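Here is the structure we will look at, set down as structure tokens.
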There are 2 protein chains.
Amino acid sequence: MYKSAARPGERILAAADKLFYEQGIRAVGVDTIAAEAGVSKRTLYNYYPTKDDLIAAYLTARFKHIAPSDAPAREQILAYFERIEAMVADGSFRGCPFVNAVTEIGDRKHAAIALAVQFKEQRRQWYRALLERLQVKDPDALATQLQLLVEGVLATSLVRGDPGAARAARAAAEVLLDAAIARKARRKR
Amino acid sequence: MYKSAARPGERILAAADKLFYEQGIRAVGVDTIAAEAGVSKRTLYNYYPTKDDLIAAYLTARFKHIAPSDAPAREQILAYFERIEAMVADGSFRGCPFVNAVTEIGDRKHAAIALAVQFKEQRRQWYRALLERLQVKDPDALATQLQLLVEGVLATSLVRGDPGAARAARAAAEVLLDAAIARKARRKR
DNA sequence: TCATAGGTAAACAGACCTGTTTACTTCGAG
DNA sequence: CTCGAAGTAAACAGGTCTGTTTACCTATGA
């Protein structure tokens, strides 16, 4: 229970985040969330009039931007795979909340689907910006490919929580980066 | 309805496959499956005593091996990405049924989870065997990486049904294959 | 002091879920 | 012809889900 923590609205969101992520959106009822938040159902429905609103709030809160950094672009990209590896090793990893939401929600018009699309695109643009700094030939295409590797690690690690997948993805990313940079160098010569 | 088709057992499985895949395992009730199969609920429960049995049967039926082929290994690997691209372009693509099942089923001891792990490993071994024929340096590691690309395409295409992801993955696979083969050639020299 | 905003607990409505049961039908093999 | 296997339709049991409602409590600021 989060009774000691801040305001009811935040306790509800924290409880929803925990339960939705750990057990799945469809697997968790609002009763359970209210109980976990130490809040009456009435209050929960005051803050979030429907479960769908709560789902949207859950994903919106998960929609984090990556803190910009002055570290070398290549380093930042590879470090991201290491972060994933750590999350998987931690044991509490349950896949990408956005992808999971798309899987669990049938209705393509649900706000969650648009959020998932935006999130993935935002991540792709993060790669793109870094790759532009590296002056690779086709930053857009390579950004998509790195994103695919990340997505692959997330799905694979959900099925089988083996940190080896993240390491393999990191190695593959290195190969792709090297190839893109070599091509550019070759072009320069 | 599949009333005209073969035996009740098969009609039930066909209906379950369609509904589970299109709408999700948790989203579909046994009543709906029985109706879709043109079969009474009593009959459904004669063939599959619990919904979990039906889920397991659904995934078991989806557990296909790839037909062995004498085509060049590289060609076979790249063709697989093209198959996925076609599936995505078709519009009915809803992600990998095994990954979806893991997402939707909370219980890690459910038969479906073991099936999912086996399926992914079986696919990985398929790559491994092909890569051994190509005599790349570390077929096991590269098999994992190609598998990651595939998994990434499946997840990405679920969120956003853009066939471009499959094409990007194919291109990335080519780079990885070329790098692995070049390394081997370099070693030969 | 006391009105009110915001909270609690608990019951309820109505829908849907899994799984069982009952009573009836159909059809093919001996 | 008749018996039994396998099917149907439909109701039911017991549970859970979302969302609403009722009646009560409590703290705070005018």
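Only heavy atoms go into these numbers, but all of them, side chains included; no hydrogens, no water, no symmetry mates. Source: prediction; values computed, not measured.
Look at CD1 on B:Ile12: it is 12 Å from C1' on D:dA6, rounded to the nearest Å. Distance B:Leu44 CG to D:dA6 P: 16 Å, rounded to the nearest Å. As a whole-Å value, the separation of A:Ile33 CD1 from D:dC17 P is 10 Å. Look at CZ on B:Arg42: it is 14 Å from P on C:dG19, rounded to the nearest Å. When rounded to the nearest whole Å, the span between CD of A:Gln23 and P of D:dT16 equals 14 Å. As rounded to whole Å, 19 Å separates atom P of C:dG19 from atom OH of B:Tyr47. Note: CG (B:Asn46) to P (D:dT8) measures 10 Å, nearest angstrom. Per the geometry, NZ belonging to A:Lys51 stands 19 Å off P belonging to C:dA15, to the nearest Å.
Between D:dT8 and B:Thr43, a contact under 4.0 Å exists linking OP1 or OP2 to a side-chain N or O.
Closest to the A:Lys41 side chain, of the nucleotides D:dT21, C:dT18, D:dG19, is D:dG19. If you check D:dT8, C:dT18, C:dT8 against the side chain of B:Val30, the one that comes closest is C:dT18. Of all nucleotides listed (D:dT22, C:dT18, C:dG7), C:dT18 comes nearest to the side chain of B:Asp31. For B:Tyr45, whose side chain is taken as the heavy atoms from C-beta onward, the closest listed nucleotide among D:dT20, C:dT18, D:dG7 is C:dT18.
Salt bridge status for B:Arg26 with A:Glu104: absent, with no side-chain N to carboxylate O gap under 4.0 Å. Ion pairing between a basic and an acidic side chain is recognised when a charged N comes within 4.0 Å of a carboxylate O; B:Lys120 and B:Glu151 show such pairing.
Cation-pi contact between B:Arg62 and B:Phe20: absent, since separation from the ring centre below 6.0 Å together with deviation from the ring axis within 45° is not met.
No option in B:Thr60, B:Ile55, B:Val102 other than B:Thr60 meets the side-chain contact (heavy atoms from CB on, under 4.5 Å) test with B:Leu115.
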